[in-house]
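Written below as structure tokens is the structure these notes are about.
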Amino acid sequence: MAGYRRQLYRDDAVVLRVQKLGESDRIITLLTRRHGRIRAVARGVRRTTSRFGARLEPFGHVDLQLAGDPKGNQGSSLHTVSQVEGIDLYGKRFLGDYPRYTAASAIAETAERLTPVEREPSLRLFQLTLGALKALARGEHATTLVLDAYLLRGMSLAGWAPALVACAVCGTPGRHRAFSVPAGGAVCPDCRPPGAAHPAPATIDLMSALTSGDWVVADATDPGVRRECSGLVAAHLQWHLERALRSLPLVDRGAPAPGAAPPPGGAGPGAVPPRVGPATAAVFRERTE
């Protein structure tokens with residue numbers, strides 16, 4: 001349309017992902033407070049003279065001005081970043097820390113998968129994602145606990161929360177020993193399908209504590225229970241997403257106990273990734289589809 005000028009609007013957002021575009025631009029995937037997940041072009045941010053390139057790095061909390069229709073009724077679905085102010089750039093604190101960087105990558109990738117529709121407001125997921133990144137930056141809890149708490153609460157927002165205090169099939173209350181991902185969580189002996197897992201009772205207790213935010217219980221658990229919890233949480237999430245997350249196998253879950261059996265099928269959600277330095281970790285900044 002001749003004379004059409006794109007609308008300007010402001011929002012604050014978490015940077016989920018960056019992708020190269022052309023020789024000097026980037027496409028930035030953002031989870032905003034009021035407008036849901038959007039993609040925007042940042043012109044010239046890869047040039048050394050860019051005014052705000054360093055502010056548009058993964059995991060940063062930023063305040064920005066965007067050009068485009070926030071409802072997506074006019075013009076391209078790609079908006080344009082016209083101004084950026086950093087609120088808290090958490091990515092700088094993670095670059096030299098492999099466990100925290102890969103956990104933050106898993107959080108960002110999960111947030112993107114839980115918002116399949118662009119420009120659909122998701123305030124609770126935005127707050128949850130921002131809170132998880134803040135918790136990683138503070139380092140008050142183990143990295144894997146923060147990640148698993150985020151995944152469990154994210155699934156609750158999506159309606160996929162695993163049943164933990166009642167049978168997922170018949171609803172019989174009580175602590176059930178079997179756990180079936182296809183069935184939806186803990187299952188009683190009468191409803192237990194073939195192949196159901198039998199986690200330790202402490203593992204189910206940890207999942208409940210992470211869901212409710214009981215950090216006193218969560219922080220007191222031992223590494224073996226945390227690894228078993230991580231495996232169940234990752235399997236449950238990826239079952240409902242119907243696809244694997246690239247970042248999860250890279251998360252540092254800690255060394256397994258001597259004599260412990262390797263995870264089924266080799267590398268997977270509970271696998272221990274190789275130890276690498278900050279230079280290799282920086283590769284994950286450019287996650288692509």
Side-chain angles (χ1 to χ4, degrees), residues 103 106-107 109-116 122-129 131-132 135 141-245 247-249 251 253 261 263-265 268-271:
I107 288 171
E109 186 178 0
T110 302
E112 188 172 356
R113 299 302 178 209
L114 292 178
T115 51
S122 184
L123 176 60
R124 294 179 65 188
L125 182 62
F126 169 82
Q127 293 172 328
L128 180 65
T129 304
H141 308 289
T143 298
T144 56
L145 292 181
V146 174
L147 173 59
D148 290 337
Y150 175 82
L151 298 181
L152 284 166
R153 296 177 193 181
M155 286 190 285
S156 295
L157 293 179
W160 306 332
L164 300 173
V165 297
C167 176
V169 177
C170 66
T172 302
R175 175 185 283 185
H176 304 297
R177 292 295 306 275
F179 189 98
S180 171
V181 170
V187 288
C188 67
D190 293 335
C191 300
R192 182 182 62 224
H198 290 78
T203 301
I204 301 298
D205 292 340
L206 174 57
M207 294 175 70
S208 298
L210 293 175
T211 302
S212 63
D214 188 346
W215 289 104
V216 174
V217 172
D219 290 335
T221 54
D222 62 59
V225 169
R226 294 178 186 181
R227 281 193 296 273
E228 188 172 46
C229 171
S230 295
L232 293 177
V233 172
H236 195 85
L237 172 67
Q238 292 176 124
W239 171 271
H240 285 283
L241 288 177
E242 298 183 347
R243 63 183 299 180
L245 294 180
S247 305
L248 277 182
V251 175
R253 303 290 185 183

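The minimum heavy-atom distance linking Ala178 with Ala196 is given by the pair CB-CB, 4.3 Å. Minimum heavy-atom separation, His236 to Val181: CA-CG1, 3.8 Å. Taking every heavy atom of both residues into account, Ala103 and Thr143 meet most closely at CB-CG2, 3.3 Å. Closest heavy-atom contact between Cys167 and Val187: SG-CA, 3.8 Å. In terms of heavy atoms, Tyr150 sits closest to Ala132 at CD1-CB, 3.7 Å. Contact between Phe179 and Ala186 at its shortest, heavy atoms only, is CD1-N, 3.7 Å.
With rounding to the nearest 0.5 angstrom, the OG atom of Ser156 is 11.0 Å from the CG atom of Leu151. Distance check, rounded to the nearest 0.5 Å: CG of Leu157 to CG of Leu128 gives 6.0 Å. The CD atom of Glu228 sits 10.0 Å away from the CG atom of Leu206 when rounded to the nearest 0.5 Å. Rounding to the nearest 0.5 angstrom, the gap separating the CG atom in Leu237 from the CZ atom in Arg113 is 11.0 Å. Note that CG of Asp205 is 4.0 Å distant from CZ of Arg175, once rounded to the nearest 0.5 Å. Here the straight-line distance linking atom OG of Ser230 with atom CE of Met207 works out to 9.5 Å at 0.5 Å rounding.
Using a 4.5 Å heavy-atom cutoff, the side chains of Asp190 and Cys170 are not in contact. No side-chain heavy atom of Val233 sits under 4.5 Å from any side-chain heavy atom of Pro162.
Put simply, the side chain of Arg124 never gets that close to the backbone of Gly154: no donor and acceptor are under 3.5 Å apart. Judged by distance alone, the side chain of His176 and the main-chain N or O of Ala168 form no donor-acceptor pair under 3.5 Å.
Among the candidates Thr221, Asp148, Thr203, the single residue satisfying the side chain to side chain donor-acceptor pair (under 3.5 Å) test with Arg226 is Thr221.
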List the steps and the verdict of side chain to side chain contact (heavy atoms under 4.5 Å, CB included) for Phe126 and Thr115. CA-CA 10 Å; Phe126 169 82; Thr115 51; over 6 Å; no

What verdict does the side chain to side chain contact (heavy atoms under 4.5 Å, CB included) test give for Val217 and Leu210, after you've listed the backbone C-alpha separation in whole Å, the side-chain angles of each residue and the deciding distance to 0.1 Å? CA-CA 9 Å; Val217 172; Leu210 293 175; over 6 Å; no

